[in-house]
Protein chains: 2
Amino acid sequence: MNKRKTIIDVAKECGLSQATVARVLNGQQNIQVKDKTRQRVMSAAQKIGYRRNTLAANFRRQQSNTIAISIPDITNPFFPELIKGIQEKMRDEGYSVIQLNNEWNPKIEEDHFQYMVQTCVDGAIISPSHAGTDLSTLEGIPFVLLTNSDLYSEYDTIGNDSKEGMRIALDHLYSLGHRKIALLVGGSMSSDPSWRYDLFSEFYREKGLTNPANFLVTCDYSVTSTLSFLQARRSMETFLSENPPPTAFFASNDILGLAALQVANEKGIKVPEQLSVIGMDGIFSGEVSYPALSTVRKNRSEIGGIAAQILLDKVKKPKDWSTKKVVLPCKLIERGSTGPV
Amino acid sequence: MNKRKTIIDVAKECGLSQATVARVLNGQQNIQVKDKTRQRVMSAAQKIGYRRNTLAANFRRQQSNTIAISIPDITNPFFPELIKGIQEKMRDEGYSVIQLNNEWNPKIEEDHFQYMVQTCVDGAIISPSHAGTDLSTLEGIPFVLLTNSDLYSEYDTIGNDSKEGMRIALDHLYSLGHRKIALLVGGSMSSDPSWRYDLFSEFYREKGLTNPANFLVTCDYSVTSTLSFLQARRSMETFLSENPPPTAFFASNDILGLAALQVANEKGIKVPEQLSVIGMDGIFSGEVSYPALSTVRKNRSEIGGIAAQILLDKVKKPKDWSTKKVVLPCKLIERGSTGPV
DNA sequence: CTTTCCTATGATAACGTTATCAATTTATTA
DNA sequence: TAATAAATTGATAACGTTATCATAGGAAAG
């Protein structure tokens with residue numbers, strides 16, 4: 001039973017001091033040693049099979065080289081790309097990433113925040129689970145929020161310009177000749193959805209169209225994508241059976257859009273000939289539906305990368321106190337589900 | 001500038017020894033102190049705002065309370081549920097989970113293995129990126145593989161019985177009256193796909209059907225789901241334009257199945273009236289397609305949970321050396337894409 | 001040749017917890 | 001009641017690294 005080798009063993013092996021060995025072998029290369037001694041250390045380390053004890057180093061430096069991501073639910077198709085974007089950036093910089101799901105549950109979310117301070121993460125990227133997420137627990141550790149809501153004006157945030165995105169979608173439908181555009185919108189935990197109604201009314205007013213009140217379809221909020229989808233289906237079915245049909249739907253996210261699509265297909269309504277549907281987000285399922293779902297894409301991988309970059313800046317030079325706000329544009333993706341009237 | 005409090009500060013505050021304080025406040029509750037002293041310690045800790053320094057504790061005990069998950073790609077719809085299953089179990093047990101994507105790249109995968117030993121993870125759950133993944137780097141740290149391939153007979157593994165799953169799918173189609181069943185299969189990195197051909201031939205022979213050679217559609221392997229989908233589409237298109245159509249397709253995963261569905265829809269082939277399609281896995285996109293995709297579901301959340309449990313057992317009592325092999329059944333999910341001939 | 005200054009290396013003290021063993025108190029038994 | 005066993009608590013040594021300061025060894029300047 002031979003114990004694990006330490007820098008002291010390496011020092012003995014190569015006849016140099018522990019300090020010098022440490023200088024050569026520690027993570028960051030603050031070059032302060034002769035090439036020759038570096039060689040000596042390296043070969044000695046190699047010879048006796050030295051491996052750096054990260055736990056000891058982390059302890060001594062009091063930083064874990066770990067950042068945390070807090071999101072509601074990784075099975076929600078919106079998030080995996082986001083996480084991937086963060087992970088890639090962080091890996092390049094030598095940080096580990098711990099990812100925590102709170103199931104849209106503020107209690108669990110708070111637990112996770114507690115956990116973060118306990119476990120000394122160097123930083124955090126957080127997608128708030130609901131409108132009132134309390135971030136005070138995180139005081140002392142740098143973090144970035146994945147949102148564009150004005151609820152968090154005092155913090156660093158990054159998000160897509162959803163309002164502009166919705167406008168783009170409506171304009172797209174309008175430019176295809178649609179004048180009877182309906183809004184399919186779901187309740188939301190993470191932000192107040194009322195702005196969508198406002199924007200919708202404003203759009204109708206602006207274009208001089210008639211009362212949009214007949215073209216509002218709402219569906220209940222649900223935790224999982226599957227349930228959201230089913231509820232959206234139900235709302236669509238009742239709406240279509242009770243109302244004069246619009247020529248187009250704007251759905252506030254792709255899951256709702258796919259529900260609209262499926263219901264329309266089932267009812268024999270031809271998409272896009274009789275009905276156009278556009279969603280929002282750009283999830284994979286929208287690529288494989290029939291017809292493929294037009295959407296206003298949020299580039300989640302990009303958001304993740306930028307969020308990671310902002311966080312890294314904060315972690316590395318905590319002196320910079322300016323709050324950063326990044327707003328990214330959405331991008332129209334025209335697919336088969338939208339067409340001229 | 002007041003420094004962070006330590007157990008020594010707590011000890012001073014409550015007039016007990018450092019050791020006693022530690023006994024009360026350290027993670028695992030090996031009850032060895034009187035209730036009254038526990039109270040004293042707790043309230044003192046509360047009063048001065050003590051927070052346990054996890055980094056120090058990890059260092060001292062030489063374990064990180066962290067396990068790693070290594071998978072090819074989190075944006076692949078197969079994996080998020082798997083990860084969620086693992087995370088939930090691990091969170092309950094007080095472990096952090098670090099998740100690493102290798103982009104199907106063996107080089108990155110190997111880097112991640114290196115990283116795991118460097119960073120002293122307590123265990124790992126690994127979905128091998130390709131058939132020949134070399135696990136020797138991980139010697140010394142307990143791990144579980146997410147596979148059912150016989151390539152890894154010497155290791156602990158957990159996976160679905162894909163062969164039985166494929167049989168279930170074929171039987172389902174057969175029982176609906178289908179006699180011209182085609183196989184849509186993609187290349188695969190993580191396992192040799194040839195068993196599918198064998199099983200397919202065997203099925204045909206068993207049922208006394210004619211040569212299945214005309215009903216083989218293959219498509220190239222691709223890294224991302226989107227690309228896989230597009231390649232499957234292409235294969236489907238050329239196949240349908242050159243061959244007498246089968247009455248049903250079995251696709252080796254849902255992404256391919258969705259491609260078949262979309263192409264059929266576009267060509268005006270009615271599903272399931274003229275063509276049935278069944279996939280495999282049970283990803284979300286299959287629920288929202290039109291028609292919803294019948295499939296043979298792999299319960300990934302369950303796999304994740306069990307994998308986590310096996311790993312925990314190994315981590316906690318390393319004496320148990322028996323190799324564990326868990327094989328879970330697949331489950332037929334009948335949706336709109338399959339029907340009688 | 002001496003002095004000054006820089007660079008490379010050495011010696012050693014933390015870091016905050018856990019683990020070990022000794023000392024003390026309390027409970028049990030004869 | 002005394003003796004013994006058990007349950008608590010106390011004192012203190014690690015753990016392996018990084019960080020600080022001191023020292024030696026050369027180069028540059030006078």
Side-chain angles (χ1 to χ4, degrees), chain A residues 1-42 44-45 48-66 94 117-120 122 140, chain B residues 1-45 48-66 94 117-120 122:
Chain A
M1 164 102 195
N2 47 353
K3 291 172 63 181
R4 185 164 170 175
K5 304 296 184 185
T6 74
I7 49 171
I8 299 178
D9 299 316
V10 179
K12 274 183 196 146
E13 177 68 29
C14 66
L16 286 162
S17 80
Q18 186 190 149
T20 308
V21 172
R23 266 186 281 263
V24 174
L25 264 43
N26 79 347
Q28 61 268 34
Q29 316 296 70
N30 10 351
I31 310 170
Q32 193 82 294
V33 314
K34 273 187 180 166
D35 268 3
K36 198 178 164 189
T37 47
R38 160 163 284 132
Q39 300 274 319
R40 267 169 74 190
V41 172
M42 293 299 255
I48 68 171
Y50 168 79
R51 284 198 331 227
R52 182 161 181 263
N53 187 325
T54 314
L55 257 32
N58 285 349
F59 162 57
R60 181 56 235 257
R61 305 168 56 190
Q62 279 302 301
Q63 58 153 321
S64 55
N65 258 53
T66 298
V117 305
Q118 274 280 326
T119 196
C120 304
D122 295 345
Chain B
M1 162 102 196
N2 47 354
K3 291 173 64 181
R4 186 165 170 175
K5 304 295 184 187
T6 74
I7 48 171
I8 299 179
D9 298 317
V10 179
K12 274 182 197 147
E13 177 68 28
C14 65
L16 287 162
S17 79
Q18 186 189 149
T20 308
V21 172
R23 267 186 281 263
V24 174
L25 295 167
N26 79 345
Q28 61 268 34
Q29 314 298 68
N30 11 351
I31 311 171
Q32 193 82 295
V33 312
K34 273 188 179 164
D35 268 4
K36 197 177 163 189
T37 47
R38 160 162 285 132
Q39 300 275 317
R40 267 169 76 190
V41 172
M42 293 300 257
S43 63
I48 68 171
Y50 168 78
R51 285 195 332 223
R52 182 160 181 265
N53 186 326
T54 314
L55 257 33
N58 284 351
F59 162 57
R60 181 57 235 258
R61 305 169 55 190
Q62 279 301 302
Q63 59 153 322
S64 55
N65 258 53
T66 299
V117 305
Q118 275 279 326
T119 196
C120 304
D122 295 344

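All of these numbers come straight from a predicted model, not from anything done at the bench. First the proteins, then the strands, lettered A, B, ... as listed; each starts at 1. Basis for what follows: all heavy atoms, side chains included, without hydrogens, waters or symmetry-related copies.
One distance of note links OG1 of Thr54(A) with CG of Asn58(B); it measures 11.5 Å at 0.5 Å rounding. Rounding to the nearest 0.5 Å gives a distance of 10.5 Å between CG of Asp122(B) and CD of Gln62(B). The CD atom of Gln18(A) sits 10.0 Å away from the NZ atom of Lys12(A) when rounded to the nearest 0.5 Å. Between the CD1 atom of Ile7(B) and the OG1 atom of Thr20(B) there is a distance of 10.0 Å, given to the nearest 0.5 Å. With rounding to the nearest 0.5 Å, the separation of CG in Leu16(B) from CZ in Arg38(B) is 12.5 Å. Annotation: the span from Gln118(B) atom CD to Leu55(A) atom CG amounts to 11.5 Å, rounded to 0.5 Å.
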Side chain to side chain contact (heavy atoms under 4.5 Å, CB included) assessment of Ser64(B) paired with Thr119(B): CA-CA 8 Å; Ser64(B) 55; Thr119(B) 196; over 6 Å; no
For the pair Val24(B) and Met42(B), evaluate side chain to side chain contact (heavy atoms under 4.5 Å, CB included) and give the outcome as yes or no after the intermediate values. CA-CA 8 Å; Val24(B) 174; Met42(B) 293 300 257; 3.9 Å; yes
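Nucleic acid contact class of Thr54(B) (heavy atoms, under 4.0 Å, all strands): none.
With dT17(C), dT18(D), dA8(C) as the candidates, the nucleotide lying closest to the side chain of Ala57(A) is dT18(D). For Ala56(A), the side-chain atoms get nearest to dG16(D) when compared with the rest of dG16(C), dG16(D), dT18(D). When distances are taken from the side chain of Ala22(B) to each of dT17(D), dT18(C), dT9(C), the shortest belongs to dT18(C).
Contact between the side-chain N/O atoms of Arg52(B) and the OP1/OP2 oxygens of dT18(C) is found at a separation under 4.0 Å. Arg61(A) has no side-chain polar atom (N or O) that falls below the 4.0 Å cut-off from OP1 or OP2 of dA14(C). Put simply, Thr37(A) has a side-chain N or O that comes within less than 4.0 Å of OP1 or OP2 on dT9(C).
Using a 4.5 Å heavy-atom cutoff, the side chains of Thr6(A) and Asn53(A) are not in contact.
Distance CZ (Phe59(B)) to C1' (dC15(D)): 4 Å, rounded to an integer number of Å. When rounded to the nearest whole Å, the span between CG of Asn58(A) and P of dC15(D) equals 19 Å. For Lys34(A) and dA27(D), the NZ to C1' distance is 11 Å, given to the nearest whole Å. dA19(D) atom P lies 12 Å from atom CD of Gln62(A), rounded to whole Å. If you take CG of Asn65(A) and P of dT18(D), they are 11 Å apart, rounded to a whole angstrom. Protein atom NZ of Lys36(A) is 15 Å distant from nucleotide atom P of dG25(D), rounded to whole Å. To the nearest angstrom, P of dG16(D) lies 13 Å from CD1 of Ile48(A). Between Leu25(A) atom CG and dT17(D) atom P there is a gap of 8 Å when expressed in whole angstrom units.
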Short heteroatom pairs, N/O only, protein and nucleotides 10-13 of chain D, under 3.5 Å:
| from | atom 1 | to | atom 2 | distance (Å) |
| --- | --- | --- | --- | --- |
| dG10(D) | OP2 | Ser17(B) | N | 2.8 |
| dG10(D) | OP2 | Ser17(B) | OG | 3.0 |
| dG10(D) | OP2 | Thr20(B) | OG1 | 2.6 |
| dG10(D) | N7 | Arg23(B) | NH2 | 2.9 |

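The stretch residues 6-14 of chain A touches DNA chain D through Thr6(A), Ile7(A), each having a heavy atom within less than 4.0 Å of the strand.
Considering all non-hydrogen atoms of both residues, Arg4(A) and Arg52(A) come closest at NH2-O, 3.1 Å. The minimum heavy-atom distance between Lys5(A) and Gly49(A), with the atom names listed, is CG-O, 4.2 Å. A pairwise comparison of heavy atoms in Cys14(B) and Val21(B) identifies SG-CG2, 4.2 Å as the closest pair.
The rotation axes computed at either terminus of the helix from dC1(C)-dG30(D) to dA30(C)-dT1(D) lie 30° apart, taking five pairs at each end and rounding to 10 degrees.
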